[in-house]
Structures are given as structure tokens and as C-alpha cells.
Student: 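The structure's right below; bear with me while I get my questions together.
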Amino acid sequence: MAELKQLEVCLCGIPFKNPLILASGTCGYGLELRDYIDLNRVGGISVKGLSLQPCKGNPMPRIVETSAGLINAIGLENVGVNDFINNILPDLKKFDTVIIANFWGKSIEEYVEVARLLDASDIDMLEMNVSCPNIKEGGISFGTNLKQLENVTNSVKKIIKYKPLIVKLSPNVGNIATFAKAAENSGADCISAINTILAMSIDINTFKPRIANVTGGLSGPAIKPIAVRMVYEIYKSINIPIIGLGGIMNYMDVLEFFLVGSKVVQIGTANFINPDNALNIINDLKDYLNDKKIKNISELTGKIVV
Amino acid sequence: MAKSKIIYNKKINDNYFTMSISASSETLKAKPGNFIMLKTNKNNLVYDPLLRRSFAVSDIEEDNIVITYKVIGKGTLGLTYLRENDIIETSGLLGNYFNCSLNNKRIAIIAGGIGIAPFPLLVKRLTKKNNFIDLYYGGKSKNDIVLLDKFKEVDNIFITTEDGSKGKKGLITDYINREYEIAFVCGPNPMMMHSIYKLNETCEIEVSMEERMACGIGLCMGCIVNLREETMKNKKCCKDGPIFNGRKVVWQNLNN
Ligand SMILES: Cc1cc2nc3c(=O)[nH]c(=O)nc-3n(C[C@H](O)[C@H](O)[C@H](O)COP(=O)(O)OP(=O)(O)OC[C@H]3O[C@@H](n4cnc5c(N)ncnc54)[C@H](O)[C@@H]3O)c2cc1C
Ligand SMILES: Cc1cc2nc3c(=O)[nH]c(=O)nc-3n(C[C@H](O)[C@H](O)[C@H](O)COP(=O)(O)O)c2cc1C
Ligand code: FES
């Protein structure tokens with residue numbers, strides 16, 4: 001048990017048995033994974049981004065692999081918030097892990113309405129996706145325009161009574177720290193960063209983009225150094241906790257994110273390669289902490305030496 | 001994920017290979033149409049290629065699973081470097097499978113190029129049950145026609161190549177003109193779509209779809225196939241497929 005305690009962390013008043021969360025869009029609604037890993041062993045699960053109405057997503061092809069990365073334009077396909085709350089959440093709640101509801105909207109009213117429904121449900125935390133680069137109608141402007149970000153965060157924060165609000169930032173901006181600061185000032189309880197980086201890949205035989213949406217979001221190890229730099233910049237400018245993510249493949253990557261200021265991390269694309277990755281990382285982190293005689297992983301948050 | 005040992009990795013011709021890998025008793029229960037995913041580089045810490053690649057179970061030999069693959073890009077190229085006794089990461093069995101509990105049926109098997117991959121195992125399960133089987137097999141050129149020794153027990157084999165270097169010159173779908181009770185189809189999307197137009201209306205059609213996959217287990221929603229049901233439905237090729245009722249697939253929504 002003493003060993004386990006090394007990985008326990010507390011985020012916005014919510015205890016996590018370990019600081020590894022499965023990232024939104026890379027673990028379905030969690031239940032898809034139950035035949036493959038013991039969900040009770042992961043710190044948390046951030047489910048696929050939910051919207052007010054079910055959403056069919058983008059045309060195919062939606063994904064393409066690039067050097068050490070994956071470009072996706074799924075288009076936020078999801079079952080809709082009501083179906084999630086009524087038909088998926090009850091089964092998900094049977095697992096002993098923190099349930100984070102990732103959500104989005106096409107207008108501030110939609111964001112607010114989805115947030116209201118989720119706040120009244122059995123989930124543990126809300127994660128507001130303001131940064132998905134795939135949806136033509138919205139998303140992008142909320143996350144890349146300071147005024148929009150403030151408006152949506154303020155409006156959502158006002159309606160939420162019970163649950164902490166994480167704002168998940170877009171990396172597709174000039175200075176991400178100013179966006180983090182704006183989210184904090186507008187009431188965000190926590191920041192998660194980063195979402196995918198706007199990207200493109202072309203087939204040189206057909207001259208066509210390799211995904212139907214033309215552009216998509218890049219994830220995976222290719223983006224890790226950028227993500228680490230962004231978390232570093234955010235940490236210096238805000239006081240609320242940070243969930244770091246982007247390209248984490250192993251425990252060493254996790255430690256980098258801690259050192260630049262993350263309190264907790266999320267694992268995304270790595271789940272596709274091997275759903276056991278998160279559990280393997282938890283074991284490797286324990287070994288590292290034992291080796292270095294570190295009592296709790298939180299001691300590493302922000303301990304970068306420059 | 002499991003670790004498997006390469007038993008052999010043989011070149012068939014410049015582009016096609018057949019590889020046998022050790023398998024668990026669970027994996028050996030593979031049904032025709034099931035697929036597995038392979039991490040195509042030996043070293044799991046190498047991130048390019050990043051994702052696993054999907055391959056149909058082509059055959060089962062003793063305690064090993066055989067796949068047949070065509071070199072397309074970096075992942076399949078990486079497979080060609082594997083040698084006897086090398087270890088690779090595999091996952092699966094994945095996906096659903098062809099209906100192979102058939103007796104006394106008139107069956108068409110229609111393959112385009114590497115689309116032949118799942119059929120040796122299917123034929124093993126269908127022969128000796130009084131089934132009548134025609135194999136239609138098309139390719140761009142003679143190198144695309146492989147594994148013929150695995151189909152000795154079918155009743156007729158029709159072969160076409162686009163350049164005429166083997167079999168008749170032309171497209172394989174041009175030669176489908178008999179009536180069948182069920183057809184199994186695997187190949188490029190346009191070829192599968194045309195097969196459906198050519199087959200008699202009473203014929204059941206099972207197609208094996210190849211969509212790009214990131215996870216193979218229903219996590220990413222990258223592999224969607226649209227089905228025409230009561231309403232248009234998004235299905236996951238990896239979980240709900242890869243075998244679908246060909247008449248329900250909305251071919252227009254697929255790129256190719
Ligand atoms: C269910 C299923 C069964 C398959 N069975 C076989 C088989 O038995 N033998 C065989 O040779 N091939 C099979 N394929 C296709 C095989 O997965 C691809 O040819 C292979 O992934 C190409 O990888 P690459 O790195 O060489 O090519 P790249 O072009 O470099 O691959 C880039 C990306 O595109 C994807 N991709 C490229 N071509 C295809 C394709 N045709 N289908 C799906 N994804 C593709 C890759 O997985 C990868 O993510 C199957 C595909 C599916 C979905
Ligand atoms: C296929 C796919 C779907 C995603 N869907 C969502 C989503 O619905 N909501 C969201 O906030 N982020 C989504 N993301 C972004 C991831 O949660 C994560 O921020 C990003 O992939 C970077 O982490 P990684 O490199 O570890 O994957 C998605 C990513 C991928 C690859
Ligand atoms: S490949 Fe990820 S859902 Fe099918």
C-alpha cells in the first residue's frame with residue numbers, strides 16, 4: 001500500500017489513485033477498454049467529447065499516420081450527452097476511477113447546456129474542449145480567440161454548481177500562456193494542455209490530402225517536445241493545476257511533464273498502440289520513485305532546474 | 001498484446017510475402033475473416049512506424065498463424081526485415097468473421113490483389129461440405145496473383161489481370177455471370193462495389209472492408225463504415241466488421 005501512496009494525487013479536491021488519465025478520444029467511453037485492461041487501475045478516464053445532440057463526425061478517411069505521429073479528423077463523433085448519461089455512465093461508474101466528461105458545443109448556449117446536464121450527473125469532473133481543430137463550425141474560434149475563450153469559460157462556470165471545470169487548451173495559438181491566464185481569470189479550476197496540433201499530409205500520387213477533412217490534428221510522440229514547452233510556459237503564468245499531455249509514450253515522458261509543472265497527465269495516442277501502456281507506465285513510475293526515494297510524485301511538479 | 005515468434009517470413013515475389021508466427025491457443029481459434037494487428041518493427045520503442053498494422057488471418061498451420069501481406073509503405077516494408085525467431089508484438093483475434101457454417105451451397109469467392117489473404121482459411125472451412133465454390137481472382141498483373149496452391153479444392157478458378165500477363169485480360173468483375181447463393185468478397189472498394197452490381201439479387205454478399213485503423217478495438221472511431229439500415233448508421237470496421245453485408249454498405253461514403 002505504501003507503494004501505491006507514492007502515486008496518489010489530489011486534483012481540485014478529487015483524489016486520484018495515480019496521476020494517469022486516459023485522454024479524450026483515445027479510450028472511447030471507457031467501456032470499450034474493459035475487456036483489455038483493468039479500468040480500476042487507471043487514475044481517470046476522460047471520455048470522448050460529448051455534445052448536446054449526437055454527432056456523426058467527418059467523412060472518411062479520418063486518420064493518417066505520419067512520422068511518429070497520427071493526424072486525425074474524427075469530427076467529434078459522439079452519442080450525445082443524454083445517451084451518455086443514461087446508457088453509458090451507469091456502467092462506467094461501476095469502476096473505481098475518476099470519470100471526466102470531455103464536452104464541446106457549437107455555440108456558447110450549447111456549451112452551457114451540455115455543462116449543466118453533466119454537472120447534474122454522476123461524473124466527477126468536466127473537461128471543456130475549446131480546441132478541437134476539426135469542426136468547421138466552432139471549436140477553433142473558442143480556443144484561439146481570447147475573448148471567445150473568456151466568454152465560454154465564464155458562461156459555463158456560472159452554470160456549474162458541483163463539479164470542477166477543466167479547460168483543455170488549443171496549442172494552435174501564438175502564446176498559450178495568455179490563453180491559460182484568460183481561462184484562469186474566467187473561473188477555470190484546472191487547465192489541460194495540449195490538444196492536437198493542426199496539421200496536414202498529402203498523397204503525392206493523387207495530389208489529394210490524405211484525410212477527407214483536408215486538415216486534422218496531430219498527436220503522438222511527434223508533438224511531445226512542443227507540448228512540454230507549452231506546459232512549461234503555462235505553469236509559469238497561472239496558479240491553478242495543470243494536466244499535461246501530448247505524445248506521452250512511457251514513464252520518462254510522464255516525468256518530463258511533471259518537471260515542467262503538471263500535477264496529473266493524460267495518455268492519448270499511446271492507448272492505440274497498446275492499451276496496456278498506461279498500466280505499464282504506472283509500474284515504471286513506481287520503480288523510478290523507489291529508486292530515487294521520492295515519497296510522492298507531486299514532489300516533482302514544477303521541479304525543472306533552469 | 002502478446003509476443004510472437006516468427007516461424008518463417010517468405011518472399012512470394014517482389015511485393016508479396018507470407019509469414020508464419022507462433023500463436024496462443026486462443027489465437028489458433030481464428031475464424032476466416034478475423035484479423036490480427038502487428039507492431040511491424042522489432043523494437044517496441046521505435047515510434048516510426050507508430051501504430052500497429054492490420055492483417056487477415058490467412059491460414060493456420062499447426063500451432064502457427066499465417067498472414068499474407070503486400071508491401072505498401074513503411075509498416076509492411078518493416079515486416080519484410082523480420083527473420084526466423086525474431087519476436088514481434090501481436091494483438092488479436094480482432095473483428096468478426098465470414099459465415100462458414102455452410103453446406104450444399106453455391107458459393108463465389110471474389111478477390112482483388114491482396115484481397116486473397118483471408119480466403120485460404122475460408123476455403124479450408126468450406127470444402128468437403130458439399131459446397132460448390134468458384135474463385136474469381138483479379139489483379140493488376142501476374143505478380144498480384146498469389147497463393148494459387150491453396151485453392152486446389154475449389155471447383156473453378158477464374159483469373160484476370162489488367163495487363164493480361166496472367167489469365168484473361170480485364171477486370172475480374174466482368175467475368176461474374178453465374179448465379180450463387182452466397183458470395184465472399186475482399187479487395188479494393190471499387191471492385192467490391194462492382195461485384196455487388198454483378199451478382200444475382202438473391203445472392204447474400206459478405207464483404208471484408210479495409211479501413212485505416214489506429215486502435216483496432218473501437219477506441220478511436222477512425223475506421224467508420226456507413227451502413228444503410230433503418231437509418232444511416234456509423235459502424236466501426238474494427239469492432240462491428242471487418243465483414244459486412246455488402247448490400248448495406250454505403251460505398252459512396254468511402255474514399256478510394
Ligand atoms: C481488417 C483488415 C485486414 C487486412 N488484411 C491484410 C492482409 O491480410 N494482407 C495485407 O497485405 N494487407 C492487409 N490489410 C491492409 C494493411 O493493413 C495495410 O496494407 C497496411 O496497414 C499498410 O501499412 P504500411 O505502413 O505498409 O503503409 P502506409 O501507406 O505507410 O500506411 C500508412 C497508414 O495507412 C494505413 N493503411 C494503408 N493502406 C491501408 C489499407 N489498405 N487498409 C487499411 N489501412 C491501410 C496503415 O495502417 C497506416 O496507418 C488489411 C487491412 C484491414 C483493415
Ligand atoms: C483519434 C483522436 C480523437 C480525439 N478526440 C478528442 C476529443 O473528442 N476531445 C478532446 O478534447 N480531445 C480529443 N483528442 C485529443 C487528445 O485527447 C489529446 O489531447 C491529443 O491526442 C494529444 O495527446 P497524445 O499525443 O497523447 O495523443 C483526440 C485525439 C485523437 C488522436
Ligand atoms: S480502429 Fe479505432 S475504432 Fe476502429
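Note on naming: letters A, B, ... go to the chains in the order of the sequence lines (proteins, then strands), and numbering restarts at 1 for each one. Scope of the values below: all heavy atoms of this structure, side chains included, with no hydrogens, waters or symmetry mates. The shown structure was predicted, so the numbers you read here are calculated from the model rather than taken from an experiment.
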Student: So for A:T66, is it side chain, backbone, both, or neither that comes closer than 4.5 Å to the heavy atoms of chain B?
Tutor: backbone
Student: Restricting to side chain to side chain donor-acceptor pair (under 3.5 Å), what partner residues turn up for B:T80, sequence neighbours left out?
Tutor: none
Student: Looking only at heavy atoms, what is the nearest atom pair of B:L50 and A:E65, with distance?
Tutor: N-OE2, 2.7 Å
Student: Which answer fits A:S67, side chain, backbone, both or neither, if we ask what part of it has an atom under 4.5 Å from a heavy atom of chain B?
Tutor: both
Student: What residues of residues 30-41 of chain A sit under 4.5 Å from chain B when only non-hydrogen atoms are counted?
Tutor: A:E32, A:L33, A:Y36
Student: Return yes if some donor-acceptor pair links the side-chain N/O of B:W251 with the main-chain N/O of B:M193 below 3.5 Å, else return no.
Tutor: no
Student: If every non-hydrogen atom of A:A212 is compared with every non-hydrogen atom of A:P59, which pair is closest and at what distance?
Tutor: CB-O, 3.8 Å
Student: Starting from the C-alpha separation in whole Å, work towards a yes-or-no answer on side chain to side chain donor-acceptor pair (under 3.5 Å) for A:E127 and A:S192.
Tutor: CA-CA 8 Å; A:E127 181 177 52; A:S192 58; 2.8 Å; yes
Student: If you draw a 6.0 Å radius around NZ in B:K5, do more than 12 non-hydrogen atoms from other residues or ligands fall strictly inside?
Tutor: no
Student: Is the CD atom of A:Q53 crowded by more than 12 outside heavy atoms at less than 6.0 Å?
Tutor: no
Student: Below 30° counts as parallel, above 60° as perpendicular, anything between as tilted: where do the rings of B:Y69 and B:F55 land?
Tutor: perpendicular
Student: Side chains of B:S165 and B:D163 only: does a donor on one sit below 3.5 Å from an acceptor on the other?
Tutor: yes
Student: Under 4.5 Å heavy-atom distance to chain A, tell me which part of B:R212 shows up: side chain, backbone, both or neither.
Tutor: both
Student: So for B:M213, is it side chain, backbone, both, or neither that comes closer than 4.5 Å to the heavy atoms of chain A?
Tutor: backbone
Student: Considering heavy atoms only, which positions within residues 80-92 of chain A lie below 4.5 Å of chain B?
Tutor: none
Student: Given side chain to side chain donor-acceptor pair (under 3.5 Å), test A:N274 with B:E89 step by step and report yes or no.
Tutor: CA-CA 10 Å; A:N274 181 356; B:E89 304 256 357; 5.0 Å; no
Student: Show every salt bridge (charged side-chain N to carboxylate O under 4.0 Å, His left out) that has at least one partner inside residues 246-258 of chain A, sequence neighbours left out.
Tutor: A:K224-A:D253, A:K224-A:E256
Student: Chain B: which of A:A222, A:P221, A:P275 shares the most heavy-atom pairs with it under 4.5 Å?
Tutor: A:P221
Student: Looking only at heavy atoms, which two atoms of B:C220 and A:I74 are closest? And how far apart?
Tutor: O-CD1, 3.4 Å
